[in-house]
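Lettering of chains follows the sequences in order, A, B, ..., and the numbering in each one begins at 1. These numbers come from the heavy atoms of this one structure, side chains and all, not from hydrogens, waters or symmetry mates.
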Amino acid sequence: MALHLYDTATRSTRAFVPLVPGEVSMYLCGATVQGRPHVGHLRAGLVFDVLTRWLRASGLRVTLCRNVTDIDDKILARAIEEGRPWWAVAAHYERAFTDAYTALGVLPPTIEPRATGHVTQMVQLMQRLIERGHAYAVDGDVYFDVRSFADYGALSGQRPDDMEPAADSEFTSRKHDPRDFALWKGSKPGEPSWPTPWGDGRPGWHLECSAMATAYLGSTFDIHGGGLDLRFPHHENELAQSRAAGDGFAQYWLHNAWVTQAGEKMSKSLGNTMVVDEVLQRVRGIELRWYLVSAHYRSNIEFSDDALAEAGAAFRRIEHFVLRASERVGADAVGDVPTAFAAALDDDLGTPAAVAVLHGLVTEGNALLAKGAAMDADAVRALLGGVRAGLAVLGCDPLAEPWSRQGGEAAEYHAAVDALVRAELAERQRARAERDFATADAIRARLADAGIQIEDTTDGPRWSLAREAE
RNA sequence: GGUGGAGUGGCCGAGAGGCGAGGCAAGGGACUGCAAAUCCCUCUACACGGGUUCAAAUCCCGUCUCCACCUCCA
């Protein structure tokens, strides 16, 4: 089965057919850089990272555009709060997001455009909308005329007449209709502004994505992604303004579900502590990634430390196999993804089923490894290759970048520790051979105190860092 | 008021008319000097009430509970 994706616009799972054969253009709504990234923020980046990896593994060339919203009301508010310029705030948190993406192994997008760098494109888009009668300027603001666009509400399944009247503060009186949304906000004293034919001002929230998506991906492109909450109003408005301007815009709309905590949504306004930096004090990045990636992207994740620890344990089982097997048959054995794994991902990115496939392979592989010298090395190599190929698509291959620690100083430390531990293990083996188990166990306990765990395999002892959940 | 989701075993978490995903935990067995790791076996499910069907966790009707969106959100 070829790739099928659930398209929010049609509320159905559709076969994915790219506009240009062999190529995929994808736009993802990225961060509004006004605070420290938390686990919820990262989910969209992670989900679409897996999709990108899967598309590439399927032989497609992917252009991924993930924007940075570096000007908006909250950034301005934050700047006042922190007592520094808005651009310093935006730059600071943009770096924090970049660090968080990197810590979770999210591949960098093809392009990461900032809103403030694309005012020209926004002005052009507004001009087109005004010419076509879909937008109007009032006192330096520019609004989209919702009534002028018949399909408004189609993406999110809303009908304008059923919507709650917008309690939209100060702008309401200037709008032709309360549901009209701001494309451009006229400048107020002390706020940053850019010049336009309608006066100085700054971008409204929705305009930037339409302007940047079409600037980099063309007037019509394949996939537009983001969190479920963005469906309305953000994506509805993007779609309206772009289609009204004559662009085809996105062909598929994908939305990931939320990360919640104790039933509460982890939004910026709740100010909870699931900040990525803090979670990474407790678990490795690869384990956090596994936790977030092994759930289906359209299912809610109720974040808890217990669930995170369980996911970590499940991942370690797979990781353990990969490490042990590669020690036996070599670390260069990356194969093709197993057929069942491919089928799972082709079915709307069914990562849970894909993960189950990997667990099955690991069980098989462990059984082979348990045979020791009598094992079928080719069979192990084949299983290892399949497991690693699958892990690579999920971004969780422990032997691949960025998780492998084979290079640089870390490798030198590893070699040094390895030499010391091997000496200890040799001593322990000698004691065991002499049935001096008190000494043997004392050595094992000493290593355990140092955070090193021992396994007695058919090929002799093997050591690794202990990674029990705390 | 409008729109859309969800309720699965001790826990996490899939599936979407028949043949119980997977993991974690638990119990038993194998292996081990003892462990650890690993393998094998076992146990516990589909919110509630009706209905359709040879067959319902899955479809339909109703009820309850929870959640999301309706111009700040990933």
Side-chain angles (χ1 to χ4, degrees), chain A residues 8 11 28-32 34 37-48 72-74 77 146 153 156-169 171 178-182 204-206 225-234 236-237 255-260 263-270 291 294-296 298-302 304 306-315 317-318 320-321 324 344 350-360 362-371 432 435-437 440-441 444 448 453-458 462 464 466 469:
Chain A
T8 307
R11 280 168 210 80
L28 172 61
C29 284
T32 298
Q34 52 94 17
H38 63 225
V39 173
H41 291 131
L42 269 285
R43 188 174 188 190
L46 238 23
V47 163
F48 289 92
D72 95 319
D73 292 350
K74 286 192 165 182
V146 166
S156 57
Q158 315 262 352
R159 289 182 309 146
D161 289 336
D162 291 336
M163 290 179 192
E164 279 183 356
D168 191 19
S169 69
F171 302 110
R179 284 159 282 242
D180 292 350
F181 58 90
W205 176 31
H206 315 295
L228 194 54
D229 59 307
L230 295 182
R231 196 182 40 182
F232 192 91
H234 185 53
E236 190 75 60
N237 291 353
H255 292 100
N256 61 279
W258 286 81
V259 179
T260 59
E264 268 186 301
K265 189 173 70 172
M266 284 178 46
S267 74
K268 289 166 184 169
S269 48
L270 284 177
Y291 174 51
S294 56
H296 189 91
R298 288 196 286 122
S299 291
N300 184 59
I301 292 177
E302 197 155 310
S304 74
D306 286 349
L308 181 58
E310 272 191 19
F315 176 70
R317 177 172 180 268
I318 293 173
H320 189 220
F321 166 72
R324 282 203 307 155
T351 52
V355 165
V357 171
L358 297 184
H359 277 294
V362 167
T363 298
E364 270 184 70
N366 279 332
L368 289 173
L369 287 177
K371 291 179 183 166
R432 290 179 72 201
R435 305 196 66 78
D436 176 5
F437 298 122
D441 289 351
R444 183 167 67 195
Q453 63 189 7
I454 302 305
E455 296 162 49
D456 288 320
T457 74
T458 49
R462 176 180 182 277
S464 57

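Taking 4.5 Å as the limit, every side-chain heavy atom of A/His320 sits out of range of all side-chain heavy atoms of A/Ser464.
Between B/A47 and B/A6, the two C1' atoms lie 11 Å apart (nearest whole Å). A gap of 40 Å separates the P atoms of B/C60 and B/A26, to the nearest Å. Distance check on atom P: B/C19 versus B/C61 gives 24 Å, rounded to whole Å. Rounded to whole Å, the P atom of B/C48 lies 10 Å from the corresponding atom of B/U58. Comparing the same atom, C1', in B/A16 and in B/G10 gives a spacing of 25 Å after rounding to whole Å. Taking atom P on both B/C39 and B/G50, the two are 44 Å apart, rounded to the nearest angstrom. Comparing the C1' positions of B/G7 and B/A30 gives an interatomic distance of 40 Å, to the nearest angstrom. Comparing the C1' positions of B/A68 and B/G29 gives a spacing of 48 Å, expressed to the nearest Å.
Picking from B/G22, B/U38, B/C72 the nucleotide with the shortest atom distance to the side chain of A/Ala370 gives B/U38. The A/Arg317 side chain lies nearest to B/G23 when the options are B/A21, B/A68, B/G23. Closest to the side chain of A/Arg324, out of B/C39, B/A68, B/U38, is B/U38. In this structure, of B/G13, B/A68, B/C70, it is B/G13 that holds the atom nearest to the side chain of A/Ala295. Across B/C24, B/A37, B/C70, the shortest atom-to-atom separation from the side chain of A/His320 is found for B/A37. Here B/A14 is the nucleotide among B/A21, B/U71, B/A14 with the atom lying nearest to any side-chain atom of A/Ser299. In this structure, of B/C39, B/A14, B/G23, it is B/A14 that holds the atom nearest to the side chain of A/Pro352.
Spacing between atom CZ of A/Arg179 and atom P of B/U71 amounts to 11 Å, rounded to whole angstrom units. For A/Lys371 and B/C31, the NZ to C1' distance is 15 Å, given to the nearest whole Å. The distance between atom CG of A/Leu228 and atom P of B/A68, rounded to the nearest whole Å, is 11 Å. A/Leu308 has its CG atom 13 Å from the C1' atom of B/C24, to the nearest Å. Between A/Asn300 atom CG and B/U65 atom C1' there is a gap of 16 Å when expressed in whole angstrom units. Rounded to an integer number of Å, the gap from A/Asn366 CG to B/C40 P is 9 Å. When the P atom of B/U38 is taken as reference, atom CD1 of A/Ile318 falls 12 Å away, rounded to whole Å.
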Please write out the pairs of protein N or O atoms and N or O atoms of nucleotides 3-12 of chain B separated by less than 3.5 Å, giving the distance to one decimal.
| from | atom 1 | to | atom 2 | distance (Å) |
| --- | --- | --- | --- | --- |
| B/C11 | O2 | A/Glu310 | OE2 | 3.3 |

Give me, pair by pair, the N or O atoms of the protein and of nucleotides 32-35 of chain B that are less than 3.5 Å apart, along with how far apart they are.
| from | atom 1 | to | atom 2 | distance (Å) |
| --- | --- | --- | --- | --- |
| B/G33 | O6 | A/Arg432 | NE | 3.3 |
| B/G33 | N1 | A/Asp441 | OD1 | 3.0 |
| B/G33 | N2 | A/Asp441 | OD2 | 2.8 |
| B/C34 | O2 | A/Arg444 | NH2 | 2.8 |
| B/C34 | N3 | A/Arg444 | NH1 | 3.0 |
| B/C34 | N3 | A/Arg444 | NH2 | 3.4 |
| B/A35 | N6 | A/Asp456 | OD2 | 3.0 |
| B/A35 | N1 | A/Asp456 | OD2 | 3.3 |
| B/A35 | N3 | A/Arg444 | NH1 | 2.9 |

**OP:** Can you run through RNA chain B from 5' to 3' and write each base as (, ), [, ], | or . depending on how it pairs? Watson-Crick or G-U wobble, both distances under 3.5 Å.
**Re:** (((((((..(((.....[...))).(((((.......)))))....(((((..]....))))))))))))....

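The pair A/Asp456-A/Arg462 does not meet the salt-bridge criterion, since no charged nitrogen lies less than 4.0 angstrom from a carboxylate oxygen.
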